[in-house]
Protein chains: 2
Amino acid sequence: MSTLDTLSSIERPSLHEELTDRLRTMIVEGILVAGEKVPERALCEKLGVSRTPMREALKVLAADGLLTLQPNRGARVRAITVEELEEVFPLMGALEALAGELACKNVTDKQLQAVRKSHNAMLACFKSADMPGYFRYNQQIHEAILTAAGNQTLTTTYLSLAVRVRRARYLANMSQQRWQEAVDEHELILKALETRDGKKLSAILKQHLENKFATVRQWIQTQQEEQQQQGKV
Amino acid sequence: MSTLDTLSSIERPSLHEELTDRLRTMIVEGILVAGEKVPERALCEKLGVSRTPMREALKVLAADGLLTLQPNRGARVRAITVEELEEVFPLMGALEALAGELACKNVTDKQLQAVRKSHNAMLACFKSADMPGYFRYNQQIHEAILTAAGNQTLTTTYLSLAVRVRRARYLANMSQQRWQEAVDEHELILKALETRDGKKLSAILKQHLENKFATVRQWIQTQQEEQQQQGKV
DNA sequence: AAAATGAATTATGCATTCATTATTAATTTA
DNA sequence: TAAATTAATAATGAATGCATAATTCATTTT
């Protein structure tokens with residue numbers, strides 16, 4: 001079962017939006033476990049809402065690819081597969097590339113400063129081997145680049161894809177060597193953005209993502225094999 | 001008011017999915033008019049469903065960017081603006097480019113044959129100046145390329161963006177000259193696909209879209225000005 | 001004891017109801 | 001008569017209710 005405790009009740013305009021956000025977070029954080037059923041009733045009781053807005057949120061998240069709805073059998077958290085990953089990553093690559101080009105065109109000095117700050121914070125985390133911290137600042141950087149691109153639709157589209165792989169991305173640990181490489185790539189990312197070199201930034205971002213992709217794919221493959229093992233036993 | 005008549009009642013597993021599809025179609029076809037409120041009750045009655053699944057569908061379409069939800073004031077069909085267009089088109093460009101590259105890698109002879117068929121049908125429509133027919137086959141071609149790319153996530157993502165601009169795209173009439181150019185571009189598209197030249201196909205598709213973009217942008221600008229005029233009168 | 005059948009329970013999908021908020025219509029006031 | 005105020009009506013958002021389908025559990029059968 002999932003960790004449904006430690007969740008407080010909610011109130012605010014438009015319950016279903018609040019619920020959509022909450023559930024999304026719970027999926028990314030693994031509180032709602034990939035592959036498992038979404039305990040609709042339990043969630044409603046825990047959050048103090050009725051089934052109507054909850055079910056609206058479930059429909060939205062299903063349309064978004066985070067859940068699958070089985071007729072008469074409720075919602076299930078979509079477990080990412082290698083196949084899905086192979087679909088999502090190239091897409092994210094294309095979008096990051098676009099974001100890089102646009103960001104170089106549109107980034108303001110203030111935004112650049114924000115990226116630098118996240119970058120340095122990320123470096124500090126790397127040096128102290130703080131993976132969760134690194135992950136958080138890393139995400140901040142990529143989102144800051146999206147913001148700098150100044151295209152809300154791009155941001156939304158990208159994030160909806162990113163969320164689908166975020167948990168896998170988080171769980172798939174990098175080797176120390178790969179981690180160092182990732183940091184090096186980030187130096188290049190910052191440099192390209194500072195010099196407003198769109199082509200270069202675009203290319204590095206794409207490469208950076210492809211490298212991450214390789215790590216995550218390997219991890220998922222291991223996971224799937226373990227699942228199969230368990231299925232046999 | 002909108003043309004809510006000529007709609008038959010429905011039945012099938014998962015009402016909200018059926019409704020989502022129906023409403024999406026109604027928006028693209030202009031039965032639900034951009035900028036106007038969605039007549040929830042009337043739609044429910046017309047389609048013979050309760051408000052619950054209807055509202056689930058509305059939430060999904062809102063998350064998809066086709067509607068906006070105003071708290072306590074229902075749903076409204078999102079009218080596309082120049083700003084939104086300027087956001088959506090570059091994104092579609094990046095995705096079409098990706099689709100082109102992947103399609104050249106993965107297209108089967110059978111799929112290629114399907115594209116050729118649509119292409120020829122489209123040419124026939126051009127010669128007989130049949131815009132609706134042209135538009136339909138044109139769409140078929142682009143969707144066939146997506147299919148050939150063999151990336152379901154790409155298809156879904158692209159279509160969700162394409163739907164948002166489809167109506168404007170349909171209403172924005174091309175000049176005769178531009179139409180001829182578009183047809184010429186389509187010849188190049190077919191050729192690039194036949195020779196599996198990913199780079200070239202990718203580039204042409206992007207250019208093709210940018211040209212379309214220019215036409216649509218002009219049309220929307222005119223529309224917005226007319227709206228403002230009406231607002232003043 | 002394992003498989004098969006059937007009853008009890010629970011979950012699911014959708015319709016209905018209800019409280020609240022917005023909108024319109026009617027009335028009053030200046 | 002035009003603006004302001006109030007009353008009415010309708011719409012929205014969310015909770016509840018209900019019929020059907022799925023699941024679980026007990027019972028029977030082999």
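Keep in mind that the numbers below use all heavy atoms, side chains included, and drop hydrogens, waters and symmetry copies. A note on names: the letters A, B, ... follow the listed sequences, proteins ahead of strands, and every chain is numbered from 1.
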With no hydrogens and no angle check, is any side-chain donor or acceptor of A:Arg78 less than 3.5 Å from a backbone partner on A:Leu66?
no
Side-chain donor/acceptor of B:Asn106 to backbone N/O of B:Leu102, under 3.5 Å
yes
In whole angstroms, the gap separating P of D:dA22 from CD of A:Gln70 amounts to 11 Å
Report the distance from atom CE of B:Met54 to atom C1' of C:dT16, rounded to the nearest whole Å.
16 Å
Using whole Å, report how far CZ of B:Arg41 lies from P of D:dG13.
12 Å
Ignoring hydrogens and angles, does a donor from either the side chain of A:Arg51 or the base of C:dG13 sit under 3.5 Å from an acceptor on the other?
yes
Distance check: side-chain N/O of A:Arg55 vs OP1/OP2 of D:dA14, anything under 4.0 Å?
no
For A:Glu40 and D:dA22, give me the distance from atom CD to atom P, rounded to whole Å.
16 Å
Return yes if a side-chain donor-acceptor contact under 3.5 Å exists between A:Gln113 and A:Arg116, otherwise no.
yes
Quickly work out the B:Leu43 CG to C:dA15 P distance and round it to whole Å.
14 Å
Gap separating the CD atom of B:Glu210 from the CD atom of B:Glu96, nearest 0.5 angstrom:
11.0 Å
Taking only N and O in the side chain of A:Ser50, is any of them less than 4.0 Å away from OP1 or OP2 of D:dA15?
yes
If only side-chain N and O atoms of A:Arg73 are considered, is one of them under 4.0 Å from the OP1 or OP2 phosphate oxygen of D:dA22?
no
Under the 3.5 angstrom rule, does the side chain of B:Glu87 hit a backbone N or O of A:Thr153 as a donor-acceptor pair?
yes
Taken to the nearest whole Å, CG/A:Asn72 to C1'/D:dA21 is 5 Å
A:Glu45 atom CD is separated from D:dT16 atom P, nearest whole Å, by 11 Å
Against the side chain of B:Pro53, the closest entry in C:dA15, D:dT12, D:dA15 is C:dA15
Rounded distance (Å) that lies between atom P of C:dT12 and atom CG of A:Leu67
13 Å
If you check every side-chain atom of A:Thr52, which of D:dA21, D:dT12, D:dA15 has the closest atom?
D:dA15
Starting at the 5' end of DNA chain D, which residue's closest nucleotide do you reach first, A:Pro71 or B:Pro71?
B:Pro71
How would you label the contact of B:Glu56 with the nucleic acid (heavy atoms, under 4.0 Å): base, sugar-phosphate, or nothing?
nothing
Taking only side-chain nitrogens and oxygens of B:Lys37, does any of them come within less than 4.0 Å of OP1 or OP2 of C:dT23?
no
